[in-house]
Amino acid sequence: MIRVGILGTARIARALFTAPLQNATIVAIASRDQAAADAFGSEFGIPRRYGTYERLLADPEIDAVYIPLPQHLHCEYTVKAAHAGKHVLVEKPAALSSEEVSRMNDACRTNSVFLMEGFMYRFKTLIRRMKEIVASGEIGTVNLINLNWCFNIRRVQRGAFRTDRSLGGGCMYDLGIYGIDFVRYMTGREPEIVHGTLYRETNEGADMMATVQYDAGGVTAVCTTGLLTDANFLLLGGSLGSMTARAGLAGNMVENRLQVHLLADNSLREEIFPAENPYVAELEYFADCITRNISPHPDGENSLQNLRVLEAVFARASERKILV
Ligand SMILES: NC(=O)c1ccc[n+]([C@@H]2O[C@H](COP(=O)([O-])OP(=O)(O)OC[C@H]3O[C@@H](n4cnc5c(N)ncnc54)[C@H](OP(=O)(O)O)[C@@H]3O)[C@@H](O)[C@H]2O)c1
């Protein structure tokens with residue numbers, strides 16, 4: 001059993017307790033506030049509860065940490081965890097810049113610990129099936145990806161850091177990073193920005209909506225992400241057909257449906273995937289990699305590429321103001 005500690009009583013960390021873990025056990029929780037650690041610990045039966053993140057990192061009975069802190073703290077605590085000899089599963093985005101990810105990779109390499117960025121969507125049966133269909137050639141040569149990945153932050157409870165630029169807020173860090181990762185994951189090619197637009201409410205504010213067009217070795221990918229709507233959709237178009245899934249990236253434990261349209265006979269097939277918990281599957285995979293001493297994917301090099309693309313988007317996309 002891999003012994004895991006969690007840094008921060010984050011909302012997303014709760015997803016790890018909705019199904020039993022097979023090869024890992026969460027033995028410690030840390031918060032900036034001892035009372036919050038105690039409350040979270042007693043709610044989920046976590047035995048060790050710390051009032052600082054550093055105290056958890058100093059616990060020798062912990063093999064790995066899960067870091068669901070706001071984006072601006074990912075680098076700092078990954079580096080500290082690595083120096084404390086802990087493997088790190090860090091939430092997306094891995095960090096705020098490629099320079100930060102390089103420091104994280106160096107720290108993990110130096111201390112012989114693994115680093116993995118938390119792209120839970122890769123652990124969904126639906127997404128794996130989409131990748132399988134692409135590889136099978138059933139929809140022909142894929143030449144189009146259309147990804148909409150948004151939520152309306154005014155209508156759902158989410159950490160305020162998401163709209164604070166100084167804390168790594170903004171939809172590109174929060175959701176746009178998925179588009180970059182998804183395009184590479186599906187095509188096996190590096191997404192390069194063609195053009196894009198970031199929408200902010202004020203000049204100093206975080207990006208609230210963004211549309212970016214990438215080219216991934218001939219595949220056109222149009223990725224819209226945002227914090228002002230909940231329109232979510234995935235489409236992959238190929239020379240022989242296409243496939244679509246509503247809210248395909250979502251980690252919610254709901255049934256997923258994939259529609260596959262084939263040009264040859266104009267058929268439309270629906271595949272249904274029962275509700276599952278990708279967060280638990282992700283942590284189990286990470287624990288398995290640690291147990292077997294094999295490098296996990298997505299690894300730190302993948303994170304580095306993600307941040308390089310994101311930096312190119314920030315550098316090249318035009319900025320517009322929106323009225324909401
Ligand atoms: N993979 C996914 O599907 C997914 C989904 C949602 C979020 N995420 C990622 O997970 C991370 C956490 O997101 P969340 O929505 O769970 O956030 P959240 O509920 O606000 O939790 C963040 C935690 O970080 C700690 N923290 C430390 N410094 C903070 C600060 N200055 N402001 C706010 N919190 C601070 C807090 O824990 P203490 O007060 O206990 O110290 C807080 O509970 C983010 O990186 C986000 O991108 C991933």
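Atoms within each ligand, like the ligands themselves, are counted from 1 in listed order. Throughout, residue positions are numbered sequentially from 1 according to the sequence presented.
At a 4.0 Å heavy-atom cut-off, ligand 1 touches Arg11 through backbone and side chain alike. Contacts with ligand 1 closer than 4.0 Å are made by heavy atoms of both the backbone and the side chain of Lys92. Contacts between Asp33 and ligand 1, counted as non-hydrogen atom pairs separated by less than 4.0 Å, are absent for every part of the residue. Contact annotation for Tyr173 and ligand 1: no heavy atom of the residue comes within less than 4.0 Å of the ligand. Under 4.0 Å from ligand 1, not a single heavy atom of Phe40 appears. Counting heavy atoms closer than 4.0 Å to ligand 1, residue Ser31 contributes atoms from both its backbone and its side chain.
Between Phe44 and Phe17, the two ring planes are parallel [angle under 30°; tilted spans 30° to 60°].
Side-chain atoms of Lys80 do not come within 3.5 Å of backbone N or O of Glu54 as any donor-acceptor pair. A donor-acceptor contact shorter than 3.5 Å links the side chain of His74 to the backbone of Glu91. In this structure, the side chain of Lys92 does not engage the main chain of Ser303 through any donor-acceptor pair within 3.5 Å. His72 places no side-chain N or O within donor-acceptor distance of the main-chain N or O of Gly168, the cut-off being under 3.5 Å. Distance alone, capped at 3.5 Å, places no donor-acceptor pair between the Gln213 side chain and the Val194 backbone. Counting only distance, with no hydrogens or angles, the side chain of Glu311 and the backbone of Ser98 share a donor-acceptor pair below 3.5 Å. A donor-acceptor pair is defined here as one N or O able to donate and one able to accept, closer than 3.5 Å; such a pair exists between the side chain of Ser239 and the backbone of Thr141.
Proximity of Arg158 to ligand 1 is not established, as no heavy-atom distance is less than 4.0 Å. The closest approach between a heavy atom of Tyr178 and any atom of ligand 1 is below 4.0 Å. The closest approach between a heavy atom of Leu73 and any atom of ligand 1 is below 4.0 Å. Between Pro70 and ligand 1 there is a heavy-atom distance shorter than 4.0 Å. Within the structure, the closest approach of Phe119 to ligand 1 does not fall below 4.0 Å when heavy atoms are considered. Using a 4.0 angstrom heavy-atom cutoff, Gly251 does not count as in contact with ligand 1.
Relative to atom 1 (N) of ligand 1, the option among His72, Glu91, His74, Glu117 with the closest non-hydrogen atom is Glu91. The option from Arg32, Gln157, Arg162 that lies nearest to atom 31 (N) of ligand 1, judged by heavy atoms, is Arg32. Between the choices Gln71, Gln34, Arg14, the shortest heavy-atom distance to atom 45 (O) of ligand 1 belongs to Gln71. Looking at Pro68, Gly8, Ala39, Ala15, it is Pro68 that brings a heavy atom closest to atom 12 (C) of ligand 1.
Residue Ala30 has no nitrogen or oxygen atom sitting less than 3.5 Å from a nitrogen or oxygen atom of ligand 1, judged on distance alone. Taking any N or O of Leu69, backbone or side chain, at least one lies under 3.5 Å from an N or O belonging to ligand 1.
Residue, atom and distance of the protein heavy atom nearest to atom 3 (O) of ligand 1 are Tyr279 OH, 2.6 Å. Looking from atom 41 (O) of ligand 1 to the surrounding protein, the closest heavy atom is Tyr53 OH, 2.4 Å. The nearest protein atom to atom 37 (O) of ligand 1, hydrogens excluded, is given as Thr9 N, 3.3 Å; this is a heavy-atom distance. Protein heavy atom in closest approach to atom 17 (O) of ligand 1: Phe161 CE2, 3.4 Å. When only non-hydrogen protein atoms are considered, atom 4 (C) of ligand 1 lies nearest to Ile12 CG1, 3.7 Å.
Both tests pass for Arg158 against the ring of Phe151: distance under 6.0 Å to the centre and angle within 45° of the axis. By the 6.0 Å and 45° rule, Lys131 stacks over the aromatic ring of Tyr185.
Taking each heavy atom of Gly8 and Pro68 in turn, the nearest pair found is O-CG, 4.2 Å.
The one candidate from Val142, Leu235, Ile139, Leu262 that meets the side-chain contact (heavy atoms from CB on, under 4.5 Å) condition with Met243 is Ile139. If you run side-chain contact (heavy atoms from CB on, under 4.5 Å) between Tyr77 and each of Val88, Ile67, Leu56, Val65, only Ile67 comes through.
Every atom of ligand 1 with a heavy atom of Met120 under 4.0 Å away is listed here by number and element: 1 (N), 3 (O). Interface of Gly118 with ligand 1, defined as ligand atoms under 4.0 Å from a residue heavy atom, comprises 1 (N). In summary, the atoms of ligand 1 found under 4.0 Å from a heavy atom of Gly159, numbered by their order in the structure, are 20 (O). For ligand 1, the atoms lying closer than 4.0 Å to a non-hydrogen atom of Asp174 are 47 (O).
No side-chain donor-acceptor contact under 3.5 Å links Asn23 and Asp288. Residues His83 and Asn111 have side chains that bring a donor and an acceptor to within less than 3.5 angstrom of each other. Between Ser267 and Asp265, the side chains place a donor N or O and an acceptor N or O closer than 3.5 Å (distance only, hydrogens not considered).
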